[in-house]
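Notes follow the structure.
Positions are given from 1, in the same order as the sequence printed here.
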Amino acid sequence: PKEITTLVTFFGATGDLAKRKLYPSVYNLYKKGFLVEHFGILGTSRAELSTKQFQVMVHDSIKEFMNEEAPQDFLKHFDYQRADITTPEDYAPLKALIEEMDEKFALKGNRIFYMSVAPRFFGTVAKLLKSEGLLSENGEFNRLMIEKPFGSDYETAEKLNNELSHAFSEDQVYRIDHYLGKEMVQNIAALRFGNPMFTKSWNRDSIDNIQVTLSETLGVEDRAGYYDTAGALRDMIQNHTMQIVGWLAMDEPATWTDRDIRIAKNAAFNSLKIYTPDEVAENFVRGQYGPNAIGTQVGYLDEKDVPADSQNNTFVAGKLQFDSYRWQGVPFYIRTGKRLAAKTTRIDIVFKKDYNLFDSNQPLSNDVLTIIIDPEGRIEYKIAAKATTAEFKTRPITLKWKASDEDKAQTPEPYERMIHDTMDGNGSNFADWNGVAVAWKFVDAVQSAWDSVHQDFPNYVSGTMGPAASDELLEREDREWIYKG
Ligand code: NAD
């Protein structure tokens with residue numbers, strides 16, 4: 001591996017995410033030889049901790065979440081400074097420690113700032129990093145890693161983006177969407193662009209429709225405070241689903257570089273049709289779960305902290321349309337929801353039927369390429385083969401691949417990959433502002449159409465694949481969801 005030289009400052013260093021994901025990821029990068037000598041990890045938060053106490057905290061988090069003892073040689077690269085991130089004066093000691101660590105570990109002024117704090121702080125931190133002089137002027141890079149959510153609608157997202165852009169340019173901002181760090185999401189590009197058969201047929205000539213499903217079995221649990229204001233639309237469609245769609249809908253990038261990948265994805269996002277209220281009614285379905293069939297699970301309205309008259313969506317299904325040469329007339333059906341029949345994230349690419357040479361009265365069935373992202377990586381390809389009957393007929397067979405235990409053991413966790421890619425200056429698996437902005441405009445249009453019409457809830461039984469209207473959305477067009485739960 002290529003050794004990386006950088007300082008990483010973690011804001012929110014005593015938080016849940018830092019302990020569960022960030023320190024274990026840094027430790028893996030160390031074990032794999034990406035971090036060797038020239039790295040420094042600076043933790044900061046509101047808590048009062050000594051350097052030693054912080055190192056013990058990092059040690060314990062690696063012990064707890066990886067069951068390993070991190071050596072002193074690793075821990076000595078960690079230092080800590082308390083700071084209130086809203087207080088400008090508190091940035092001076094941070095700056096001093098950054099400079100000290102820079103010199104001690106010979107970090108060449110390369111700096112990454114990771115905001116693992118509540119979203120309301122993102123803009124403030126970016127502004128103060130610049131105004132208080134924490135960005136290096138002589139290094140190779142200053143980069144910002146930013147957690148979700150990125151705004152709660154287009155307006156708030158744009159405001160946040162403006163705040164960031166005072167201090168960081170777009171190519172310095174790494175907006176985390178951990179779905180983009182998943183192995184099988186990254187596999188979309190390999191399948192699309194690594195196989196001439198798919199590369200050449202990835203368009204309206206050959207593809208009938210594309211389906212993306214992100215289904216959960218859990219209900220709202222104890223997150224109603226946040227979830228009731230977000231719903232499935234903002235919690236799952238605006239970010240993860242749209243980012244997956246970006247990889248599916250883009251044209252071939254001119255070259256396999258960060259810059260060209262962003263350009264190609266952005267062109268696709270820019271051709272997404274934003275709906276009028278009438279088009280929302282036609283193309284989008286919302287749902288809210290009721291109790292399960294045997295009455296052992298309560299409906300959404302009876303969950304803790306959910307207002308009795310909540311109009312919140314716990315299920316969304318919809319049709320996306322791209323006004324582009326490649327996708328004219330090809331629907332992208334997306335759906336997500338809580339309390340569905342199974343927990344899975346998957347993509348089904350449904351190819352067009354062709355003339356049946358063997359029996360012109362019988363249409364062939366659709367070939368389907370399926371990419372299963374969660375719970376485990378799988379690829380399936382349903383094609384026609386000869387039936388073993390006396391007459392010459394075809395039948396569908398499915399070619400299957402599944403990630404091996406060895407594959408799984410070697411696959412980095414999304415957080416490890418995202419930290420590595422940021423260190424390496426590769427932003428292709430992060431959410432670009434342009435795509436985020438289009439996704440918010442799209443989602444805002446859907447939400448505002450829904451806000452103006454009352455809907456009777458609940459409208460689906462927990463443990464099913466959502467309301468009947470979701471199936472009807474496809475049936476109207478003589479199609480069906482490939483995945484039935
Ligand atoms: P947390 O509440 O566990 O930790 C928050 C951290 O911020 C603490 O270290 C706290 O000391 C610090 N902090 C709070 N106010 C501060 C202030 N005024 N000055 C300085 N430090 C302050 O939060 P978390 O769960 O670790 O989440 C952090 C971010 O990551 C959030 O944006 C969250 O949305 C995102 N996120 C978290 C998870 C997760 O699994 N926890 C998953 C995905 C995204």
Side-chain angles (χ1 to χ4, degrees), residues 184 187-215 217 244 248-249 293 317 319 326-335 340-408 461 463-485:
M184 292 306 288
N187 219 328
I188 297 170
L191 285 169
R192 276 196 61 180
F193 306 129
N195 298 291
M197 178 173 73
F198 292 136
T199 309
K200 289 180 171 49
S201 58
W202 210 267
N203 53 50
R204 65 182 149 91
D205 296 336
S206 305
I207 292 181
D208 182 82
N209 72 91
I210 290 182
Q211 307 180 5
V212 181
T213 301
L214 289 78
S215 68
T217 50
I244 292 172
L248 294 168
K319 170 172 149 182
R326 180 182 294 266
W327 295 123
Q328 196 49 244
V330 180
F332 282 58
Y333 299 110
I334 57 176
R335 68 181 158 164
L340 299 183
K343 178 172 171 55
T344 187
T345 306
R346 62 183 275 154
I347 300 160
D348 296 286
I349 314 290
V350 184
F351 290 91
K352 285 191 164 155
K353 292 178 191 175
D354 203 348
Y355 170 74
N356 188 346
L357 175 66
F358 316 111
D359 180 356
S360 57
N361 296 319
Q362 282 281 326
L364 291 170
S365 58
N366 299 93
D367 289 356
V368 180
L369 173 66
T370 298
I371 303 168
I372 296 166
I373 297 161
D374 295 318
E376 65 170 2
R378 280 196 278 152
I379 298 169
E380 298 185 354
Y381 190 26
K382 182 169 85 70
I383 58 172
K386 187 182 165 300
T388 52
T389 46
E391 340 158 56
F392 197 99
K393 287 206 296 194
T394 63
R395 62 171 171 179
I397 60 160
T398 303
L399 313 180
K400 294 182 180 179
W401 171 86
K402 177 167 98 113
S404 65
D405 290 343
E406 198 188 347
D407 287 335
K408 286 185 214 162
V461 177
T464 66
M465 280 311 281
S470 163
D471 293 332
E472 286 155 18
L473 186 72
L474 277 71
E475 282 159 12
R476 274 204 316 257
E477 300 177 336
D478 282 330
R479 297 187 173 105
E480 60 181 356
W481 291 108
I482 299 295
Y483 182 66
K484 296 179 176 61

(Q) For R204, is there any backbone N or O sitting under 3.5 Å from a side-chain donor or acceptor partner on K352? (A) yes
Q | Over all atoms of both residues, closest heavy-atom pair of M184 and R378 | A | CE-O, 3.6 Å
(Q) Among residues at least two apart in sequence or on other chains, which ones pass side chain to side chain contact (heavy atoms under 4.5 Å, CB included) with E391? (A) K393
Q: Could I get the full list of salt bridge (Lys or Arg N to Asp or Glu O under 4.0 Å) partners for E477, not counting sequence neighbours?
A: K319, R479
Q.
Within a 6.0 Å radius of atom NZ on K200, are there more than 12 heavy atoms belonging to other residues, nucleotides or ligands?
A. no
Q. Within the distance-only criterion (no hydrogens, no angle test), does the side chain of S360 pair as donor or acceptor with the backbone N or O of N356 below 3.5 angstrom?
A. no
Q. Within the distance-only criterion (no hydrogens, no angle test), does the side chain of S215 pair as donor or acceptor with the backbone N or O of A342 below 3.5 angstrom?
A. yes
Q.
With a 3.5 Å distance limit and no angle check, can you tell me whether W481 reaches the backbone of L474 through a side-chain donor-acceptor pair?
A. no
Q. In terms of heavy-atom contacts, does NZ of K386 have more than 12 from other residues, nucleotides or ligands at under 6.0 Å?
A. yes
Q) Under the salt bridge (Lys or Arg N to Asp or Glu O under 4.0 Å) test, which residues partner K382, sequence neighbours left out? A) none
**Q.** Side-chain (E380) to main-chain (V368) donor-acceptor, under 3.5 angstrom
**A.** no
Q) Can any side-chain N or O of D407 pair as donor or acceptor with the backbone N or O of S404 at less than 3.5 Å? A) yes
Q: Report yes if the side chains of T344 and P375 come closer than 4.5 Å at any heavy-atom pair, otherwise no.
A: yes
Q.
Tell me whether W202 contacts the main-chain N or O of L248 through its side chain, where contact means a donor paired with an acceptor under 3.5 Å.
A. yes
Q.
Using the salt bridge (Lys or Arg N to Asp or Glu O under 4.0 Å) criterion, which residues pair with R192? Sequence neighbours excluded.
A. none
**Q.** Criterion side chain to side chain contact (heavy atoms under 4.5 Å, CB included) against L369, the qualifying member of I379, I210, D348
**A.** I379
Q.
Under the salt bridge (charged side-chain N to carboxylate O under 4.0 Å, His left out) definition, can you give me all pairs with a residue in residues 361-375, not counting sequence neighbours?
A. K182-D374
Q: Please check if the side chain of N203 supplies one atom and the backbone of D205 the other of a donor-acceptor pair under 3.5 Å.
A: yes
Q) What ring pair (Phe, Tyr, Trp, His ring centres under 6.0 Å) pairs are there with at least one residue in residues 383-408, not counting sequence neighbours? A) F358-F392
